[in-house]
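This chain uses plain numbering: 1 for the first residue, then up along the sequence. Computed from a predicted model, the values in this text were never measured in an experiment. Because only heavy atoms are used, hydrogens play no part in the values below, and waters and symmetry mates are left out as well, while side chains stay in.
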Amino acid sequence: MRIAKMADGIQTSPIITLAAEINERIQRGEKFYNLTIGDFKPQIFSIPEALKTEIYKAYEEKQTNYPGAFGMPSLRKAISQLLLRYSDVNYDPNDILIASGGRPLIYSFYRTIIDRGDKVIYPVPSWNNHYYTHLSDAESILLETTPENNFMPTAAEIKPHLSDATLIALCSPLNPTGTVMGKTALEEICDLVLEENQNRGPGKKPLYVMFDQIYWLITFGESRHYNAVALRPEMQDYAVFVDGASKAFCGTGLRLGWAFGPQDIMKKMRTIVAHIGAWAPKPEQVATGKFLADHASVESYLNNFRNEVQQRLDGFYEGFIALKNKGYSVSAIEPQGAIYLTVQLDLRGKKTASNERLNSNHAVHRYILEEAKVGLVPFHYFGASEESNWYRLSVGTCSLEEVPEIIASLEKALSGLED
């Protein structure tokens, strides 16, 4: 009994453990393709040059003291303008809170609205909701989603659980799938939430929705990100959005995130963020405020970045479909958003060249890792059933030249399997 039950019940992310194992083997000189972690290799995907220049300037100008609990006003104003420009939603700078990445914002939101035993609805696979629910001493209501719905939850799946829930946690584009929630599906969920809140009596805690939209600026083709408040303005009272510089601007190491929502919620989140010391560095805040205010630089960077990401995702998608057409038991969902591709390895029960049966999805995962030297993340790492044979493929550390190499390595490993 040396530690609390909460600490005893929480585990290290298996994704981080897997990525660390692969990177250690790479450092030992082994040839591996690490497509696991949702991060970027800066030599391939760097932060915008204009942003880098502004960061240098901020340090030279000695902008290194405390940034204020809500964050720098110039940055919050720039974010407000970004949201209006790209999402057609009007959030005052006082509705916006800055923190050291999206994680402390998600944690502080959970802690702001959730009491012990409250219920949290979230789809699986999804990123880290089970951890935040555990940290908040809440109860999870898991919705196992399907490829037929692009692994997105539907209003019909959510509805039976609404009456005694406090929070619905959603993400689009979704980590781990890279799929996007459609307009109609989002409208139906919003209508459910509004109806539920209308039916709740005075003094009863509202039903909130948290939208993790860290990938919202990264969509491809006809896929589009929809904002719940733009579709249903009444949702502004019940929705909190979490965003940041880590994905759309490749700034995972900058530790700069922002949330926006009702001012009373933001004020309490600010207090929690302050008490845990989760301010974002002031130089990065000053610099990002100036960068986001330069609309031309933002647009130029995003267009180039999206193009580079899409080329890699398209290459992998086409490669997997080519393997499928050759008769291999694999598949993929066409890229829609984020830096991820959803791929399927339906290899359970196959026999290896050494006469070993792949009797579990864990065995399949290890086979691809050891024989193809390709690191993928199984969906059960994101809360899905261990029976799921779907995986996340991340392109943030991958060069274009490596895409055909990886597909060839996968084909070689697949060709060594028999029924």
Nearest heavy-atom pair of Leu341 and Ile333: which atoms, and what distance?
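Here Leu341 and Ile333 meet closest at CD1-O, 3.2 Å.
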Set of salt bridge (Lys or Arg N to Asp or Glu O under 4.0 Å) partners for [X], sequence neighbours left out:
X: Glu356; answer: none
X: Asp237; answer: none
X: Arg103; answer: none
X: Arg25; answer: Glu21, Glu30, Glu370

Has the side chain of [X] got a donor or acceptor atom that lies under 3.5 Å from a matching backbone atom of [Y]?
X: Arg232; Y: Cys190; value: no
X: Asn361; Y: Glu386; value: yes
X: Thr145; Y: Phe151; value: yes
X: Gln285; Y: Ala280; value: yes
X: Gln63; Y: Ala58; value: no

Identify whether the distance between the nearest side-chain nitrogen and carboxylate oxygen of Lys52 and Glu49 falls below 4.0 Å.
yes
Do the charged groups of Glu411 and Lys326 touch, with an N to O distance under 4.0 Å?
yes
What pairs with His161 under side chain to side chain donor-acceptor pair (under 3.5 Å), at least two apart in sequence or on another chain?
none
Which residue pairs satisfy the side-chain hydrogen bond (donor to acceptor under 3.5 Å, both in side chains) criterion with at least one member in residues 260-281, sequence neighbours excluded?
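Pairs touching residues 260-281 that pass the test: Asp95-Gln263.
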Which word best sums up how the rings of Phe241 and Phe211 line up, parallel for under 30°, tilted for 30 to 60°, or perpendicular for over 60°?
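Parallel: the ring planes of Phe241 and Phe211 meet at under 30°.
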How are the rings of Tyr132 and Tyr110 set relative to one another: parallel (under 30°), tilted (30 to 60°) or perpendicular (over 60°)?
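Tilted: the ring planes of Tyr132 and Tyr110 meet at 30° to 60°.
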Would one find more than 12 heavy atoms of other residues, nucleotides or ligands at under 6.0 Å from atom [atom1] of [X]?
X: Arg224; atom1: CZ; value: no
X: Asn304; atom1: CG; value: yes
X: Glu61; atom1: CD; value: yes
X: His362; atom1: NE2; value: no

For Ile79, run the side-chain contact (heavy atoms from CB on, under 4.5 Å) check against Asp243, Leu84, Ile98 and tell me which one passes.
Ile98
I need the Phe305 CZ to Cys250 SG distance, nearest 0.5 Å.
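If we round to the nearest 0.5 Å, Phe305:CZ and Cys250:SG are 4.0 Å apart.
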Distance only, no hydrogens: is a donor on one side chain within 3.5 Å (strictly under) of an acceptor on the other, for Thr252 and Asp39?
yes
